[in-house]
Amino acid sequence: MKTILGIVTGCLMLCISVTLAAAEFTTVDSGICNAVENHRAVGLGEVFPADVGKLFCFTRIVGPYHAERPQQVEHVWYYKDAERARISLPIRSSNWGTYSSKIIQPHEVGDWRVELLDGNGEVAAVFQFFVREATAAAE
């Protein structure tokens, strides 16, 4: 009986720690940017011109890491509340930078967001940005 109780308790502790590990991470130096260079976001911003071409969602995850089981997060890109892309990204250390990118078409002006989903599929962070119409060159 003690053996069974010990196994059940151990399983519960493992399940609880797995759930907490996914929810305990934080993001730093993260957001929407023009480029990623040397593992850093370049040109972080919230408003971009329609002719930007490509944008990146850079995320640095800091928190518990368990090498014995695969860990990942997802970037889900939305344009005007319509899902446009879903990218799974592995986490390989307790301080891990990762990113996804999306080509922005010139006609895709308006509200955008990228939701960061933790290992349980829960929203851990939201990065909102706006794509504005390109302005005509001054004469």
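We use all heavy atoms of the structure for the numbers below, so side chains are in, but hydrogens, waters and symmetry mates are not. None of the values given here were measured: they were computed from a predicted structure.
- In Arg132, the CZ atom is crowded: over 12 heavy atoms of neighbouring residues, nucleotides or ligands sit closer than 6.0 Å.
- Glu108 is linked by a salt bridge (Lys or Arg N to Asp or Glu O under 4.0 Å) to Arg84, counting only residues two or more places apart in sequence or in another chain.
- Hydrophobic clustering of Ile, Leu, Val, Met, Phe, Trp and Tyr side chains at less than 4.5 Å, counting indirect connections, unites Tyr78 with Val123.
- Side-chain atoms of Ile32 and Cys57, non-hydrogen and from C-beta on, do get closer than 4.5 Å to each other.
- Formation of a donor-acceptor pair under 3.5 Å by the Asn120 side chain with backbone atoms of Glu122 is not found in this model.
- Inter-residue side-chain proximity for Ile87 and Trp77 is flagged as met; some heavy-atom pair is nearer than 4.5 Å.
- Considering only heavy atoms from C-beta on, Ile104 stays 4.5 Å or farther from Lys54 through its side chain.
- The existence of a salt bridge linking Glu83 and Arg86 is confirmed by a sub-4.0 Å separation between a basic side-chain nitrogen and an acidic carboxylate oxygen.
- Under the 30°/60° scheme for interplanar angles, the aromatic rings of Trp112 and Phe129 are found to lie parallel.
- You'll find the side chain of Leu55 reaches within 4.5 Å of the side chain of Asn34, heavy atoms only.
- Hydrophobic clustering (side-chain heavy atoms under 4.5 Å, transitive across Ile, Leu, Val, Met, Phe, Trp, Tyr) keeps Phe58 apart from Val131.
- Summarising the geometry, atom CG belonging to Leu116 is positioned 6.5 Å from atom OG1 belonging to Thr27; distances are rounded to the nearest 0.5 Å.
- The two residues Phe25 and Ala124 have their closest heavy-atom pair at CZ-CB, 3.7 Å.
- Atom CD of Glu46 is surrounded by 12 or fewer heavy atoms from other residues, nucleotides or ligands within 6.0 Å.
- Residues Tyr65 and Gln71 form a side-chain contact, since some pair of their non-hydrogen atoms from C-beta on lies under 4.5 Å apart.
- Residues Val114 and Val126 have side chains not in contact (no heavy-atom distance under 4.5 Å, counting atoms from C-beta outward).
- Taking 4.5 Å as the limit, some side-chain heavy atom of Leu117 sits within range of a side-chain heavy atom of Val76.
- In terms of heavy-atom proximity, Gly110 sits nearest to Lys80 at CA-CE, 4.4 Å.
- The heavy-atom pair separating Val73 from Ile91 by the smallest distance is CG2-CD1, 3.9 Å.
- The side chain to side chain contact (heavy atoms under 4.5 Å, CB included) search around Leu44 returns Cys33, Ala41, not counting sequence neighbours.
- Residues passing the salt bridge (Lys or Arg N to Asp or Glu O under 4.0 Å) test with Arg60: none are found, sequence neighbours excluded.
- Note that the CZ atom of Phe56 and the NE2 atom of His75 stand 12.5 Å from one another [nearest 0.5 Å].
- Contact check for Tyr99 versus Thr59: no side-chain heavy atoms found under the 4.5 Å cut-off.
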